[in-house]
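The next block holds one structure in the form of structure tokens; read it before the comments.
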There are 2 protein chains.
Amino acid sequence: MNYKDSFREYLGKHGLKVTQQREVILDEFLAAGSHLSTEELYRAIREKNPHIGYATVHRTLKLLAESGLAAPRHFGDGHTRYECSSEEQHHDHLICTICGAIVEFENPGIERLQELVAAKHGFVIEQHRLEIYGRCAACLAGKGK
Amino acid sequence: MNYKDSFREYLGKHGLKVTQQREVILDEFLAAGSHLSTEELYRAIREKNPHIGYATVHRTLKLLAESGLAAPRHFGDGHTRYECSSEEQHHDHLICTICGAIVEFENPGIERLQELVAAKHGFVIEQHRLEIYGRCAACLAGKGK
DNA sequence: ACAAAAATTGATTTTCATTTTCAATAAAAA
DNA sequence: TTTTTATTGAAAATGAAAATCAATTTTTGT
Ligand SMILES: [Mn+2]
Ligand SMILES: [Mn+2]
Ligand SMILES: [Zn+2]
Ligand SMILES: [Zn+2]
């Protein structure tokens, strides 16, 4: 089942309605780059759909997050960013402090050690967040934007 | 050199003044528990020093962070929290999603793997943040507050 | 298809942590 | 001590996120 059907299913199961705005916003969310802020997605949508309001974009992103289709991220710039999460598996992020580039990575070894750390302290993990901040290759080479 | 002298040194080197308020706030910051929000520290200070304003507590915490004596943390509850950072070494956090308990841990294996991940993507690490959210032992046993 | 019921929309307002303002005050320099 | 400079704290401003509410759209019921 694809994103659009999953979203429709979630809406139906929660007594929510399938609206034109929600369809457009999901389409643009899937088409636009990942890790976009509400403001960024709103601007992208507004180009083709000037009638869709900021509040609706905001609410739909929260709805996508609640439905598990989008994942909110916080990289320290004061803006909540969202990325698709349904079909992708868990990953963490490398963030360039100069150009803002975001690189995703997965590391089973780190994941395993986290489980060991949690177990050692009697915790059962629900989620985790690992963000590595530094300078990306391009910026180190003086070629960052 | 202790915290108070380090702070005085930082102030002196930056053309800033050593004030009674800053001394009191640093004292309370060191005496109070770790991972306190500005609001929490302000309340603790106000009990003995009703004349110290919220803005001054806020500014002093930022100053402590700039000087490297305090480290700001964000655990997702919308409040910036601060902890001492000067003499302690790096650590990460386990946060209970039920009672809010915060457990600190260090794991050299995870740190090493992070360096490998960063190197693989051409990044030079400046800092990182690892937060593991889950249920603590007490809450799992039904004894959480 | 039509009417009634229920949810959504979007411009606007509100919230709330954080930051800034500014006249009075305190600290450091002369 | 006098002058200069920074700090203080009450209040106001800021800004991202969330809430409001009358108008509109979607869905349900007949
Ligand atoms: Mn990502
Ligand atoms: Mn800590
Ligand atoms: Zn870069
Ligand atoms: Zn707990």
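Within every chain, numbering begins at 1; the chains are lettered A, B, ... in the order of the sequence lines, protein sequences first and strands thereafter.
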Which pairs of donor and acceptor atoms, one on a side chain in residues 10-18 of chain A, lie under 3.5 Å apart (sequence neighbours left out)?
| from | atom 1 | to | atom 2 | distance (Å) |
| --- | --- | --- | --- | --- |
| A/H14 | ND1 | A/Y10 | O | 2.8 |

Practice task
May I ask you to say what B/S37 touches in the nucleic acid, namely base, sugar-phosphate or nothing, with a heavy-atom cut-off under 4.0 Å?
Solution key: nothing
Practice task
List in numerical order all residues of residues 49-63 of chain A for which some heavy atom is under 4.0 Å away from an atom belonging to DNA chain D.
Solution key: A/A55, A/H58, A/R59, A/K62
Handout entry: pair B/L61-B/L41: side-chain heavy atoms closer than 4.5 Å
Key = yes
Pairs of donor and acceptor atoms involving the side chains of residues 117-126 of chain B, under 3.5 Å and at least two apart or interchain, shall be tabulated with distances.
| from | atom 1 | to | atom 2 | distance (Å) |
| --- | --- | --- | --- | --- |
| B/H121 | ND1 | B/V117 | O | 3.0 |
| B/E126 | OE1 | A/T97 | OG1 | 2.8 |
| B/E126 | OE2 | A/T97 | OG1 | 3.2 |
| B/E126 | OE2 | A/R135 | NE | 2.9 |

Exercise for the section: Please confirm whether A/H79 and A/H74 have ring centers closer than 6.0 angstrom. Expected result: no
Problem - Residue-phosphate contact under 4.0 Å: A/Q21 side-chain N/O, C/dG10 OP1/OP2 - result: yes
Problem - Aromatic contact, B/F75 with B/H93 (centres under 6.0 Å) - result: yes
Exercise for the section: For B/Q20 and B/H51, run side chain to side chain donor-acceptor pair (under 3.5 Å): C-alpha distance rounded to whole Å, both residues' side-chain angles, the deciding distance at 0.1 Å, then the answer. Expected result: CA-CA 11 Å; B/Q20 293 185 337; B/H51 54 94; over 6 Å; no
Handout entry: Contact list for DNA chain D against residues 10-18 of chain A - heavy-atom distance below 4.0 Å
Key = A/K17, A/V18
Exercise for the section: Would you classify B/Q20 as touching base, sugar-phosphate or nothing, given that sugar-phosphate means primed atoms plus P, OP1 and OP2, and contacts are heavy atoms under 4.0 Å? Expected result: sugar-phosphate
Exercise for the section: With the side chain counted from C-beta on, respond yes when B/T60 and B/Q21 share a heavy-atom pair under 4.5 Å apart, and no when they do not. Expected result: no
Handout entry: Contact check, side chains of A/E39 and A/Y54, non-hydrogen atoms, under 4.5 Å
Key = yes
Problem - Closest to the A/T19 side chain, choosing from D/dA17, C/dT9, D/dT8 - result: C/dT9
Problem - Non-neighbouring partners of A/D27 that pass side-chain contact (heavy atoms from CB on, under 4.5 Å), sequence neighbours left out - result: A/K4
Problem - Bend angle of the helix from C/dA1-D/dT30 to C/dA30-D/dT1, from helix axes over five pairs at each end, nearest 10° - result: 30°
Problem - Close side-chain approach of A/E106 to A/D92, heavy-atom, < 4.5 Å - result: no
